[in-house]
There are 2 protein chains.
Amino acid sequence: MGFKEEFDNALKDKKVVVFSADCEIRYSGRAESFLPRGDRIIIIKSDKTLLIHQPHGNNPINYMKSNTRHSLAEENGVLRLKSENPFLKEYLDAVLYKVHFFQAAKLEDSQKLQLAGSEKDMSDMIYNNPELIEEGFKPLTREEHTKYGFIDVFGYDKNNNLVVVECKRYTGDLQAVTQLRRYVEKIKKAKGLQKVRGILACPKISPNALKMLTDWNFSYKRINPPKKLDIDKAQLRMDEFN
Amino acid sequence: MGFKEEFDNALKDKKVVVFSADCEIRYSGRAESFLPRGDRIIIIKSDKTLLIHQPHGNNPINYMKSNTRHSLAEENGVLRLKSENPFLKEYLDAVLYKVHFFQAAKLEDSQKLQLAGSEKDMSDMIYNNPELIEEGFKPLTREEHTKYGFIDVFGYDKNNNLVVVECKRYTGDLQAVTQLRRYVEKIKKAKGLQKVRGILACPKISPNALKMLTDWNFSYKRINPPKKLDIDKAQLRMDEFN
DNA sequence: GGGGAGAGATGCCGC
DNA sequence: GCGGCATTTCTCCCC
């Protein structure tokens, strides 16, 4: 069976397609790109996501989102993979000079990743252990998605000042400080208050960010994100589900 | 030849390895995660990057950065893929219950993507066509990476006011406005000026961002990013290189 | 190597 | 659908 037949059948059967080819690639859509000839790994998933990977690096060099239409055709003696997503106005065209290998398989996987150590886990930890911020801190809400912004933790200090806590799971940077500043200003204006405290909670902070933070009379509290996943508990939830 | 032998030889020969397996995955490093059993595509690149993809979606569900050490071993009748990057303190462990297919190939690709339509292309366009911002705008610098910040385009208007232009290739959001505000404040302070204008140049803007922009007496200029790639020119550069 | 910011960012959640 | 924001973000560039 020829490559095109295998390809067409695999897509028809909603299989995941994986192949490698010496190819050159053009893309037009949100931007426009060209990638000269080279060996790549090409994946078409069952949801019609397309990924093209070079032999190195983390990210795909080209890709198309799910629900893209893919077709293979021979033109002037070379194979051409055309992928189009008319809704998103995105188009990709790959000239395949040589196919190194081809695989297709029906894959079943409805599992979701269970992850610990996100910023939300960090704000949960602070909410449940307010003394991590400072003695006498009384949190009111967490993950508050209001018109004031999405405030991680919000509460009162021991002197009944309003406190906005912004969490970052890694280095606190300028953007984190401007974000905190935006929330504090919104709260001040909304509540008509002179004083609202801002605290940036993160494991470390860049020098410029620390300067801007202190310039604005905010403070930095060194806190590490929790990253223990209770796998037994996760497994238990799984078992209940099955 | 068994799977483990093929795997070991491929890695030794610096081949790219692609296989599919029913597996369950644990990760510990910057965070901690668990992914229950399911069918996935697993790629190990020649630079020892590991990617694990579910049959759907754009992003890998698990991954390890380049220069990770990978090893395959049989334990209690099942195969185990262990990947460790001691420098980054990242560890991944996959139990492989069934391998659906396996491929390995020596892939050659040193090409780089040529791309048009980035924010830099947008600031270049504005620098070369200042009337796109407004009549009488005189740009001084672009992509200025100074202590004032990374200002996209910086210049004078027809009344000799300093102007900071921040470009966004898509929707202008709150973050873009706070960024512009930060630059304008820095310039004001550094130059001791009362008035420095700020202009956000983007194809569209969110309502909240527009409100914050006008609250701060900044302005919005609707500009689309250029996304024409001169492939002939790109190809020419290529030919010169070869 | 750290800091700062873009990305064809993607993905998630809330309105 | 858009808006706002985190991401095991990644990548690039500059210091």
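Chain naming here is simple, since letters A, B, ... match the order of the sequence lines and numbering starts at 1 in each. All values below come from the heavy atoms of this structure, side chains included, with hydrogens, waters and symmetry mates left out.
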I'd like to know if the side chain of A:Thr214 and the backbone of A:Leu210 have a donor-acceptor N/O pair within less than 3.5 Å.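 Yes; at least one donor-acceptor contact below 3.5 Å.
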Calculate the interatomic distance between [X] atom [atom1] and [N] atom [atom2]; express it in whole Å.
X: B:Arg30; N: D:dT8; atom1: CZ; atom2: C1'; result: 4 Å
X: A:Lys168; N: C:dG4; atom1: NZ; atom2: C1'; result: 14 Å
X: B:Tyr170; N: D:dG3; atom1: OH; atom2: P; result: 9 Å

If you assign A:Thr171 and B:Gln179 each to the DNA chain C nucleotide with the nearest heavy atom, which residue ends up on the more 5' nucleotide?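 In this pair, the answer is A:Thr171.
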Position toward the 5' end of DNA chain C (nearest nucleotide), A:Gly172 or A:Leu92: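 Mapping each residue to its closest nucleotide by heavy atoms, the 5'-most match is A:Gly172.
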Residue met sooner reading DNA chain D from 5', once B:Ile205 and A:Lys120 are mapped to nucleotides: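 Taking each residue's closest nucleotide, the earlier one in sequence belongs to B:Ile205.
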Contact nearer the 5' end of DNA chain D, comparing A:Arg169 with A:Asp152: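 The residue whose closest nucleotide sits nearer the 5' end is A:Asp152.
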Can you check the distance between [N] and [M], where both ends of the measurement are the [atom1] atom (answer in whole Å)?
N: D:dT7; M: D:dT11; atom1: C1'; result: 14 Å
N: D:dA6; M: D:dC10; atom1: C1'; result: 14 Å
N: C:dA5; M: C:dA9; atom1: C1'; result: 13 Å
N: C:dA7; M: D:dC5; atom1: C1'; result: 15 Å

Side-chain donor-acceptor pair under 3.5 Å between B:Glu90 and B:Asn85, yes or no?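 Checked: B:Glu90/B:Asn85 side chains show no N/O donor-acceptor pair below 3.5 Å.
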So, A:Lys45 and B:His53: side-chain donor and acceptor under 3.5 Å apart, yes or no?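 Yes - a donor-acceptor pair under 3.5 Å links their side chains.
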It should be established whether [X] places a side-chain nitrogen or oxygen under 4.0 Å from OP1 or OP2 of nucleotide [N].
X: B:Ser206; N: D:dG4; answer: yes
X: A:Tyr63; N: C:dA9; answer: no
X: A:Asn62; N: C:dG8; answer: no
X: A:Arg26; N: C:dG8; answer: no

Does A:Gln175 get its side chain close enough to the base of C:dG4, under 3.5 Å, for a donor-acceptor pair?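 No such pair is found, so the answer is no.
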How about B:Met212 and A:Arg182: do any of their side-chain heavy atoms sit closer than 4.5 Å?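 B:Met212 vs A:Arg182: side chains touch.
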Contact list (N/O, under 3.5 angstrom) for nucleotides 11-15 of chain D vs protein:
residue : atom : partner : partner atom : Å
D:dT11  : OP1  : A:Asn58 : N            : 3.1

For A:Tyr97, is the NZ or CZ atom of A:Arg37 found under 6.0 angstrom from the centre of its six-membered ring and inside 45 degrees of the ring axis?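 Yes, A:Arg37 and A:Tyr97 form such a contact.
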Walk me through it: do A:Asn208 and A:Ser206 pass the test side-chain hydrogen bond (donor to acceptor under 3.5 Å, both in side chains)? CA-CA 6 Å; A:Asn208 286 352; A:Ser206 76; over 6 Å; no
If you measure from the Lys or Arg side-chain nitrogens to the Asp or Glu carboxylate oxygens, is any gap between A:Glu166 and A:Lys168 under 4.0 Å?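 A salt bridge links A:Glu166 with A:Lys168.
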